[in-house]
Amino acid sequence: MIHCKFVERTYYNPANGYTVASYRTKEELPREVGRQNTESPGLFTAYGMELPVGENLEMKLDGTWKKSKYGFQLDVSYFHVDIPETEAGIEAYLSSSMIKGIGPVTAHRIVERFGKRTLYVLDKTPEKLLDIPGISETKLEEILNGYRKSTALRELMVYLAPFGVTANKLEKIQEHFGESAYHIIREDPFRLCEVRGFGFLTVDPIAMKAKNFRPDNPLRIKAAISQVLKKAEEEGHLFLTSEEIVEQARDLLDHKKNSRTSGISDSAIKNAGNDMIRKDKSLVGNGGGIYNRSGFDAEVGAAGELVRLMFQEREKRDIRKMLSQIVKEEGITLDRMQEQAVFQAFEYPVSIITGGPGTGKTTLIRIILRLQEMLDPDAMILLCAPTGRARRRMYEKTGYPAMTIQKAVGMTGVDGEEAWNQTEKLPDDLIIADEFGMCDMYLAYKFFYCIKRGATLIMIGDQDQLGSVGPGNVFKEMIESEVIPVTVLDACFRQEEGSTIVENARRINQNRTSLRYDSDFQFRAASDPEDAARIIQKIYETYWREHGKRTEDIMVLSPLRKDTAAGSDALNERLRGVVNPKRRGRTEIKNGKKLFRVGDIVMQTKNVDEVSNGDLGEVLGIYKKDGKMVMEVDFGDDRIVRFPDDDYWPLTHGYAMSVHKSQGNECPVVIMPVLACFWRMLQRNILYTGITRATKQVILVGSKQAVAKAIHNNRMAKRNTNFALRLRQVYKSMQEYYEKSA
Ligand SMILES: Nc1ncnc2c1ncn2[C@@H]1O[C@H](COP(=O)(O)OP(=O)(O)OP(=O)(O)O)[C@@H](O)[C@H]1O
């Protein structure tokens, strides 16, 4: 440990906090180090993560001397900043990089007034700072915020920086756990797994080193179990069987495949799991499956809330006359199913309408809205959808304001870490939720919870499309439960351009492989992924050049993302080369492994505030702002987002995307590779979802055998969920309760 004073910072990388700085010590340095600098004795160079810098700052540094082309330098593994005792020291400390929010002028004023008692005043009687001219209440709050945050962050930094945890991540950890982050992490470093960006594999080496854990430490096993369930949720499941958990946790715990970690017994994993169920109550065992507590609460809660809404007395209203007047004005005649959907919507508090493209879902929304306004002009109406894109489409098609379900229920923040601010029920009397197939279990629970008694809920979607990205299978299970009135719209009314797409979508759903091919629905043969990629590039390039170079009119959708030339990652590279090639003057920036360029079309991959997972944008600029590089992306509708260089960007390129990501999007032209080598991904609902994104033209590239194989394969990846069963159970017990009390 060397006691030293800061001299000068020579390098700092804001992206990871890497610092190189020189320090001076009065202690004796190792001979070979001292010999390097005979002119200025005691001076040496150190490097490490977020090393403390600030004039006159004194500290202790620990590490190992390493030789480089610059001579011997200290590779710092631990540092501790001395709490200064002199006035100059305190002033230096307050205005240093350690404390954010206090500049040199303010630091000087504070120390001038309180002298050596400054830190005591800041800790105990900070209101005294208000006596200093220029420090208002707001300024005081800002100073204290910076001071307290920095004090807490410093402890965390000292503990985690040696493990290479960057400044940016430290701030995220503190944001997640608050001011006691350090104490929480010191107690159980595996709790880092709760923070976004920290998986078990990242945390495991930190925890093992920091606490010298044995491989079979229960905290370690529990962290592995949590990770297994977290991954299952990412794949759409709400629970796993205990056998699945044991097997997957065993693999994870032995990720290094060495003898030290390989001997963890199944019974040790089961014991830790039982402890999580019985003592920690973080897991729930139910119906043969093991859930995360939050997933279980969502499934059970959503069933209870939905049934609560269903059991409400309805005043019988005769809407026949009004309906015939409205359809007359609209100039159409509703078919039997459409009529049934409207009657159900006004007869039952909760109902579902499902249908493919062109079956009249939007038409029905418009009719229901008009009817409601006729019945009760003062009624409050909410139109909503689970993604920003679906919300915008709903608004464009009905002319009625619509919002995301997340916003309506007061969920704010980033995907997976939202805060839920809404405690009151929504004031709305009629709620129509579109694209409900994309709603996951967590969102559905919050949504149902927020609907007041007496309100009418109509959920609309297409049950043949892929399900939600998040866990659960909400829409399909509600239909399967057979306790909610459902109307299946089966007639297509779209006669205009693109109607072959609708017809073929129907045939696909009916397991018919004889698709109709014409100019709206084309097929190009390709022998392998490389060949398909070349053909796709050619079609894309020709269309793009001939139609005003508008990328928004054409979308390439692949069932796969990686590992093939016809996956969306490789196609993105190829197509970007056509639309926005490397050019002088086009600034570029790398984030993670991805290279972005001004003019690129990018896709957001997480829900963040107003920008939704799957939204497309264009890179407007890459420039320096407040000392940091930023990339500016225009997502349309005045949504311009700046991505700072030192953060991880939830972005990929947006020329091609996976069919899963394309849900809720719509585009005039869709090109889709369908090849035999896609194997497992040749699924009916993937093909169906992909082609129904197109409004004018579909071009399939690949082999007709592969298309037929996809049509015949109706085995959707099964999701472990029990929502339908719970709905039936809660419904039955409510029914019995009402019958008894009648
Ligand atoms: N009963 C009907 N008689 C005649 N035309 C109809 C009828 N119902 C709907 N249409 C027309 O069919 C077309 C498709 O209807 P609509 O847009 O409502 O379907 P959709 O299910 O919302 O389609 P998508 O999901 O593709 O947006 C529209 O032009 C609409 O006016």
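Numbers here are sequence positions counted from 1. These numbers come from a predicted model, not from an experiment. Read the numbers this way: they start at 1 and go in the same order the structure lists the ligands and their atoms.
- For ligand 1, the polar-atom distance check against Gly358 finds a nitrogen or oxygen pair separated by under 3.5 Å.
- Cation-pi geometry between Arg506 and Tyr688 is not met: the NZ or CZ atom fails to fall both under 6.0 Å from the ring centre and inside 45° of the normal.
- Between Leu364 and Val342 there is a side-chain heavy-atom pair separated by less than 4.5 Å.
- For atom 17 (O) of ligand 1, the nearest non-hydrogen atom from the set Thr354, Leu334, Thr398, Thr362 belongs to Thr362.
- For atom 20 (P) of ligand 1, the nearest non-hydrogen atom from the set Glu666, Gln338, Lys361 belongs to Lys361.
- Less than 4.0 angstrom separates some heavy atom of Gly360 from each of these atoms of ligand 1: 9 (C), 15 (O), 16 (P), 18 (O), 19 (O), 20 (P), 21 (O).
- Residues Thr605 and Trp649 have side chains not in contact (no heavy-atom distance under 4.5 Å, counting atoms from C-beta outward).
- Interface atoms of ligand 1 facing Lys397, defined by a heavy-atom separation under 4.0 Å, are 24 (P), 27 (O).
- Ion pairing between a basic and an acidic side chain is recognised when a charged N comes within 4.0 Å of a carboxylate O; Asp429 and Lys452 show such pairing.
- Close approach of ligand 1 to Ile332 is summarised as follows: ligand atoms under 4.0 Å from at least one heavy atom of the residue are 3 (N), 4 (C), 5 (N).
- Proximity to Thr363 (heavy-atom distance under 4.0 Å) selects the following atoms of ligand 1: 9 (C), 15 (O), 16 (P), 18 (O), 30 (C).
- Taking every heavy atom of Thr333 and a limit of under 4.0 angstrom, the matching atoms of ligand 1 come to 1 (N), 2 (C), 3 (N).
- With salt bridges taken as basic N to acidic carboxylate O contacts below 4.0 Å, one links Arg370 and Glu329.
- Counting the atoms of ligand 1 from 1 in the order shown, those under 4.0 Å from a heavy atom of Gly356 are 21 (O).
- The shortest distance between side-chain heavy atoms of Ile326 and Leu371 falls below 4.5 Å.
- In this structure, Val674 and Leu682 have side chains that are in contact, with non-hydrogen atoms separated by less than 4.5 Å.
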